[in-house]
Protein chains: 4
Amino acid sequence: MRSEIGREGQHERSFIEKARRAQIIESAVAVISEAGYAKASLARIAQHAGISKGVISYHFDGKHELMEQVVEQTYTAVAENVVRRVLSASTAREMVRTHIMAVAEFMRARPAHLRALGEIFVNLRNDDGSLRYGVAASEPIYRGLEDLFRGGQADGEFRDFDPRVMAVSLQASIDSMFGYWAAYPEHDPEAHARELADIFDHATRAEPRTDESAAPQ
Amino acid sequence: MRSEIGREGQHERSFIEKARRAQIIESAVAVISEAGYAKASLARIAQHAGISKGVISYHFDGKHELMEQVVEQTYTAVAENVVRRVLSASTAREMVRTHIMAVAEFMRARPAHLRALGEIFVNLRNDDGSLRYGVAASEPIYRGLEDLFRGGQADGEFRDFDPRVMAVSLQASIDSMFGYWAAYPEHDPEAHARELADIFDHATRAEPRTDESAAPQ
Amino acid sequence: MRSEIGREGQHERSFIEKARRAQIIESAVAVISEAGYAKASLARIAQHAGISKGVISYHFDGKHELMEQVVEQTYTAVAENVVRRVLSASTAREMVRTHIMAVAEFMRARPAHLRALGEIFVNLRNDDGSLRYGVAASEPIYRGLEDLFRGGQADGEFRDFDPRVMAVSLQASIDSMFGYWAAYPEHDPEAHARELADIFDHATRAEPRTDESAAPQ
Amino acid sequence: MRSEIGREGQHERSFIEKARRAQIIESAVAVISEAGYAKASLARIAQHAGISKGVISYHFDGKHELMEQVVEQTYTAVAENVVRRVLSASTAREMVRTHIMAVAEFMRARPAHLRALGEIFVNLRNDDGSLRYGVAASEPIYRGLEDLFRGGQADGEFRDFDPRVMAVSLQASIDSMFGYWAAYPEHDPEAHARELADIFDHATRAEPRTDESAAPQ
DNA sequence: GATGAATGAGTCTTCATTCAT
DNA sequence: CATGAATGAAGACTCATTCAT
């Protein structure tokens, strides 16, 4: 009901409304994560929540807003969790490793949320057909990682590389860790995360010596 | 159709049929890449091809098969291209670099195909709701990279790491390179590819010395 | 509600209730006149009144009754106004002219009410699908005009014509005056009213002479 | 299907399509005229035509286009019929009378069409909420009548009056004739038409003499 | 081989109404 | 008295599929 952000002039939500919205969002997450975005109709989400279709329309401006809320909620949760832990690390090197491990942990705790997030990212579109959350939605993450990398380079912890490409690649590798685990549930995500941390540790660290270590060709 | 003659295997398709199928596949690629999977209805694909909707149903068993054919065709093209070039390299290290560069090249040559491939990968589902091409579809790639890595490790070119995790991460990083370029067309994909090659060069190569180089924690 | 007390007639409504009903009716008028009948949902009316939807249901038996009340209120106001002024005229000829001018005046004073009235007239239907207010709703007006015309004919002021057809045509012309003004706000309604009075003055008055003035054919 | 006017570059309709469109339009007319615009859902129209809902969407771009087609078809039929007959009259006075009689005739022949026309006129709205056919849609009629009146004034057949107001009033009176007949089916529309012709004959004709004929006040 | 036509299930959304608080 | 919440039916529209020609 009504709109959400920029609450100009109205309406802190009642307790019961917040509860309903939360319930519907959870159902949306569950349905999307199980059946995929395309099959996640309002009917199905309502059915999963045990409510009537109209309730969703009552509490959300439309499917679009519901999806955005799913993203916002999940995203916020991930960010808080991860950022807090990353900031507790002292060196850039440790920060990268912590970032990877923290995301992996969150992923183990809430696989459905992450899956739903992924589905919405690649599917939700604006009216003009453009992706609502494209790569651009990851900008904040890229930016944060870039800063981190630049800091490490300034400190001499990291070698000289393009921080943006490193950020994009790291983020993609983390995402794939989740996807891989989803496909192979017997796979050990923690071990994967540790390996991944090693990979980017080697990829970023300053050259141990002044050898002829640059890439050939 | 697809059943009357020589039903034990495939009947060989007539010239005209092959042409029609190719034409339809190309239109599917174009529409998916422009409008996204969800908006890629048969009607739109037919319109783009300048034919009637019925023709698609005539030449393909259904939308599902059409999508599978799009994947198969594109996939085959990528694989041939990349594999041939990778095999021309002599060391494992060079092979990895060549792999990255070859994919990047293909991607620049056929962005629509890659985009369509991505859309189908994350959207096409079996009747039971499971993803038709999940991570599992990348198994052949993973397998190939694994072998490559293992070879390099045996040769002493590469350090000791989990080849599967490395394969998954590399593949994801390559995919993200494409996605990033799609979102930021002014971004230089070749430079990105070179950076990426450097990243995985550092990530895989044998330790230059017997330092205290392992990651902490 | 509307039933507990004094159920044999109407219970007299409390002050607050009358105020609420008036407020809701005004909002209904405003919304109908701005957005049209089809878009005048209870939700919109409630929103315009700054109250909750339930209130309307509480004070009115349903949308149907609300609409009827809008008609009744407006209709009463028009009738009182016009009738009083018409009766102050002394000849039938002046009465017709006064009738036209009085309606025009009311129309300028309350355009929204007239517009809403019109919308409800052509839209509100009984459960069986028949128009709630069809032409039949204008019977009182027709009747009044008929009497007026007949009086004028008896006095020799008016020529011999069918008073019912004249009444229907006059009323329609008056209504159209309003509609035309609504469509062309720069149009001068008072001039229009004067012209219209002239038209029906010529149409009704007794033949100036005993010419061969009857219509041909 | 596809769009209609401005047939740039495509598509004369097949025989069968024309037939279907005609059939659907007739059903729309019937349903609107019987149940009213608000109840004339695509479902009902389809049911009346004995076809599935989707057929309508297939042959028309949407409900909006269907409604416009109903108007266009009916309008064209009326116009042709009436204009042809009016032009056969020789004096302005006769033309006015013929106009009235011709519309009355058409109205008797196709009451449902006229009723549907009326319903759509006052109900169909553009996306922005404005009436698709407001008074403005009658402009061509007004214009034609105006010319006619001006001609008569120039010839000395008609007295001096505002042709626009006369046109609006005449048209409204004609419309009301139809509405009245619809409400009172036992009413004789031909007699009504004759009376109406008399009314406007008196209203328009030149003053027989130089009496004291101007309106009082 | 190809087409246009038709179907019917499924999509989101709107809405008048009811009800517990 | 008033509210927010919920319902369930009905709305227009989309789409993959089927079929006669």
Side-chain angles (χ1 to χ4, degrees), chain A residues 1-2 11 13-17 19-21 38-46 49-66, chain B residues 1 14 16-17 19-20 38-46 51-67, chain C residues 1 14 16-17 19-20 38-46 50-66, chain D residues 1-2 11 13-17 19-21 38-46 49-66:
Chain A
M1 66 167 317
R2 255 161 288 257
H11 192 64
R13 304 193 192 286
S14 72
F15 168 76
I16 194 165
E17 175 164 10
R20 262 277 184 264
R21 283 174 67 99
K39 287 286 168 87
S41 67
L42 292 189
R44 248 164 120 139
I45 295 170
I51 58 179
S52 123
K53 253 192 314 178
V55 183
I56 300 182
S57 296
Y58 179 74
H59 287 287
F60 295 89
D61 256 4
K63 194 183 190 183
H64 201 88
E65 198 216 334
L66 171 56
Chain B
M1 132 3 85
S14 73
I16 195 167
E17 177 165 8
R20 265 278 186 258
K39 288 283 170 78
S41 65
L42 291 190
R44 255 164 114 134
I45 295 170
I51 58 178
S52 120
K53 258 192 309 181
V55 186
I56 300 182
S57 298
Y58 180 77
H59 285 288
F60 295 89
D61 255 5
K63 196 186 190 181
H64 201 87
E65 200 217 333
L66 170 56
M67 293 299 143
Chain C
M1 141 350 92
S14 73
I16 195 165
E17 177 165 6
R20 264 276 186 261
K39 287 282 169 80
S41 67
L42 291 189
R44 253 165 116 135
I45 295 170
I51 58 178
S52 120
K53 258 191 309 179
V55 187
I56 301 181
S57 299
Y58 180 77
H59 285 288
F60 296 89
D61 256 5
K63 195 185 190 183
H64 201 88
E65 199 217 334
L66 171 56
Chain D
M1 67 165 319
R2 253 162 287 255
H11 192 62
R13 302 195 192 287
S14 71
F15 167 75
I16 195 165
E17 176 164 11
R20 262 280 184 260
R21 282 174 69 98
K39 289 286 166 92
S41 66
L42 292 189
R44 247 163 120 138
I45 294 171
I51 57 179
S52 123
K53 254 191 315 179
V55 184
I56 300 182
S57 297
Y58 179 74
H59 287 286
F60 295 89
D61 256 4
K63 194 185 190 182
H64 201 87
E65 199 217 334
L66 171 55

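Values in this document were obtained by computation on a predicted structure and should not be read as measured data. Residue numbers begin at 1 in each chain, while the letters A, B, ... track the order of the sequences.
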Whole Å only: how far is the [atom1] atom of [X] from the [atom2] atom of [N]?
X	N	atom1	atom2	answer
Tyr58(D)	dT18(F)	OH	C1'	13 Å
Phe60(C)	dA2(F)	CZ	C1'	15 Å
Asp61(A)	dT14(E)	CG	C1'	13 Å
Glu65(D)	dA12(F)	CD	P	15 Å
Leu42(A)	dA12(F)	CG	P	19 Å
Ile45(D)	dC13(F)	CD1	P	11 Å
Leu66(A)	dT11(E)	CG	P	15 Å
Glu17(A)	dG4(F)	CD	P	10 Å

* Hey, does the side-chain of Lys53(C) have a donor or acceptor N/O within less than 3.5 Å of a partner on the base of dT17(E)? -> yes
Value rounded to 0.5 Å, distance of [atom1] in [X] from [atom2] in [Y]:
X	Y	atom1	atom2	answer
Glu65(D)	Ile56(D)	CD	CD1	12.0 Å
Lys53(C)	Ser41(C)	NZ	OG	8.0 Å
Arg20(A)	Phe60(A)	CZ	CZ	11.0 Å

* Structure fact -> Picking from dC13(F), dA6(F), dA5(F), the nucleotide nearest the side-chain atoms of Ile16(A) would be dA5(F)
* From the options dT7(F), dA2(E), dC12(E), select the nucleotide whose nearest atom is closest to the side chain of Lys63(A). => dC12(E)
* Structure fact -> Between Ser52(A) and His64(B), the residue closer to the 5' end of DNA chain F by nearest nucleotide is Ser52(A)
* Asked: Starting at the 5' end of DNA chain F, which residue's closest nucleotide do you reach first, Ile51(C) or Gly54(D)?
  -> Ile51(C)
* Asked: Which part of the nucleic acid does Ser41(D) contact within heavy-atom distance under 4.0 Å: base, sugar-phosphate only, or nothing?
  -> sugar-phosphate
* Asked: So what does Ile56(B) hit on the nucleic acid, given a heavy-atom distance under 4.0 Å: a base, only sugar-phosphate, or nothing?
  -> nothing
* **Nucleotide paired to dA10(F) in any strand shown, Watson-Crick or G-U, under 3.5 Å** => dT13(E)
* Pairing nucleotide - dC19(E), Watson-Crick or G-U, each distance under 3.5 Å -> dG4(F)
* Asked: Is any side-chain N or O of Arg20(D) closer than 4.0 Å to OP1 or OP2 of dA6(E)?
  -> yes
* Please check the phosphate of dA2(F) (OP1 and OP2 only) for any side-chain N or O of His59(C) closer than 4.0 Å. => yes
* Closest-nucleotide ordering on DNA chain E, the 5'-leading residue of Ala43(A) and Ala40(C) -> Ala43(A)
* **Contact summary for Arg44(B) and Lys39(B), nearest pair of heavy atoms** => CD-O, 3.0 Å
